[in-house]
There are 2 protein chains.
Amino acid sequence: MATQQRRERERAQRETLIVNAAREMAEADGWPSVTIRKLAERIEYSQPVLYSHFAGRGAIIDAVALQGIAELTAVFKAARTAAEPGDELAALAQAYLDFATANPALFEAIFTLAEGLTFGVDAPEVLKAAFAELYAVFAPLAGDRDPDAFTEVGWAAIHGLAVLNRGGRLRPDLLEQRLSILLERFARP
Amino acid sequence: MATQQRRERERAQRETLIVNAAREMAEADGWPSVTIRKLAERIEYSQPVLYSHFAGRGAIIDAVALQGIAELTAVFKAARTAAEPGDELAALAQAYLDFATANPALFEAIFTLAEGLTFGVDAPEVLKAAFAELYAVFAPLAGDRDPDAFTEVGWAAIHGLAVLNRGGRLRPDLLEQRLSILLERFARP
DNA sequence: TCACAATCCTAGCATCGCTAGACATTCGAG
DNA sequence: CTCGAATGTCTAGCGATGCTAGGATTGTGA
């Protein structure tokens, strides 16, 4: 019947409703205040409904993280394609750091809270696409080194800056100098 | 009275007992399973005793983190002084990554769980000492760049590798190549 | 119309961090 | 030596958490 399809469509709608609500609540008041009860009240359903969509609170965070990774990938691509030739790395790094400061809760979900995401060979397509964007920027700069390893190191450098900066571990007045040093280290062979 | 001093000594002993127990439990079963109740049972006191030493669970984690930073500093110093001249960076990076994999819970406490630690100008002495160790390795390599900023970038690169590796985000078979690329990027002028 | 299936909610369990107030112990002044 | 006061510790409990069992309600298809 067509009713079946409508049901599935409504279910999918409600699922994104949950994910969006969780993300907004986290961005507003932090992840600890994203509780099942408040989330249920927000979407105007009872708590067990959430468990018919997700295995638990952790799975909801994972879903938010996955959505965030997709957005991050889009941001990467936009930065890379909009950059002047030779400035791709600068654009990528800037986009990465901006994303981290603009969406702290989302960033946290992706890199420290998500625990149900699998990596490696059988990772979801979204993850591979995100790394592919990094690869597109770093691989041309790798020279005779392994492009994958080179990408990972470059990624780690940017990510480290983002993480330490988010934790208040770095001097705010050196922000620009850090970025220029980073670029200078990885931009040329 | 001398009783007073004995009391303080016993209190200090019990405080380190708490911190050590928390750390061991976290390293054994992860931080979520370090609950006030289990911690109290472990040290054979009731729960309110813990609150006479620490403001709450978060403060206990902070104490563990602070102790971990002190250890990390010692590891840095040992690696640096034991290294052949010119190999200080390699020794530091190796020590950093080893520390992260050997003490995952401690590492987590330091860099993602601790929230009561203050940084910047009025940071505890332990934190400054830790950064000073990094500075001792990176500053000589800074050339004409700001040595502080250079140190922060180098630290971020190593830290990023540690964090992403801990989250299973990096290819295990590229571990050595990543390290050599990192060194090559920061070791020479 | 009616039996059945899918959907949803109420109510509750175990556990968490944390705290008030009672109890016990030790101290110091008279 | 005595006895109130101060200190230290514990029992019991509060509010809130993630999660789930079982009943009520709705909608479906014969």
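Proteins get letters first, then strands, A, B, ... in listed order; numbering begins at 1 in each.
Nearest heavy-atom pair across A:Ala139 and A:Thr151 is N-OG1, 4.1 Å. For the residue pair B:Pro32 and B:Thr35, the shortest heavy atom distance occurs at O-CG2, 3.9 Å.
In this structure, B:Thr35 reaches the C:dC16 phosphate: one of its side-chain N or O atoms is under 4.0 Å from OP1 or OP2.
Taking the nucleotide of DNA chain D with the nearest heavy atom to each of A:Gly56 and B:Glu44, the more 5' of the two is matched to B:Glu44.
For A:Arg57, the listed nucleotide lying nearest its side chain is D:dC19; candidates were C:dC18, D:dT9, D:dC19. Here D:dG13 is the nucleotide among D:dC10, C:dC13, D:dG13 with the atom lying nearest to any side-chain atom of B:Arg37. Counting only heavy atoms from C-beta on, B:Ile36 has its side chain closest to C:dG17 among D:dC10, C:dG17, C:dT10.
Look at CG on A:Leu50: it is 11 Å from C1' on D:dG18, rounded to the nearest Å. To the nearest angstrom, P of C:dT15 lies 17 Å from CG of B:Leu39. The distance from atom CD1 of B:Ile60 to atom C1' of C:dG17 is 11 Å, rounded to the nearest whole Å. Atom P of nucleotide D:dT25 and atom OH of A:Tyr45 are separated by 18 Å, given to the nearest angstrom. Nucleotide D:dC10 holds its C1' atom 12 Å from the CZ atom of B:Arg14, rounded to whole Å. Atom-to-atom, CH2 of A:Trp31 to C1' of D:dT17 comes out at 16 Å; the value is rounded to the nearest Å. Summarising the geometry, the separation between NZ on A:Lys38 and P on D:dG18 is reported as 9 Å, rounded to the nearest angstrom. The interatomic distance linking B:Tyr51 (OH) with D:dT11 (P) rounds to 16 Å, in whole Å.
In this structure, CD in B:Glu15 is found 11.0 Å from CG in B:Asn20, a value given to the nearest 0.5 Å. Here B:Ile110 contributes atom CD1 and B:Phe99 contributes atom CZ; the two are 5.0 Å apart, rounded to the nearest 0.5 Å.
Within the 3.5 Å criterion, the main-chain N or O of A:Ala130 finds no donor-acceptor partner in the side chain of A:Lys77.
A donor-acceptor contact under 3.5 angstrom links the side-chain atoms of A:Gln47 to the base of D:dC19.
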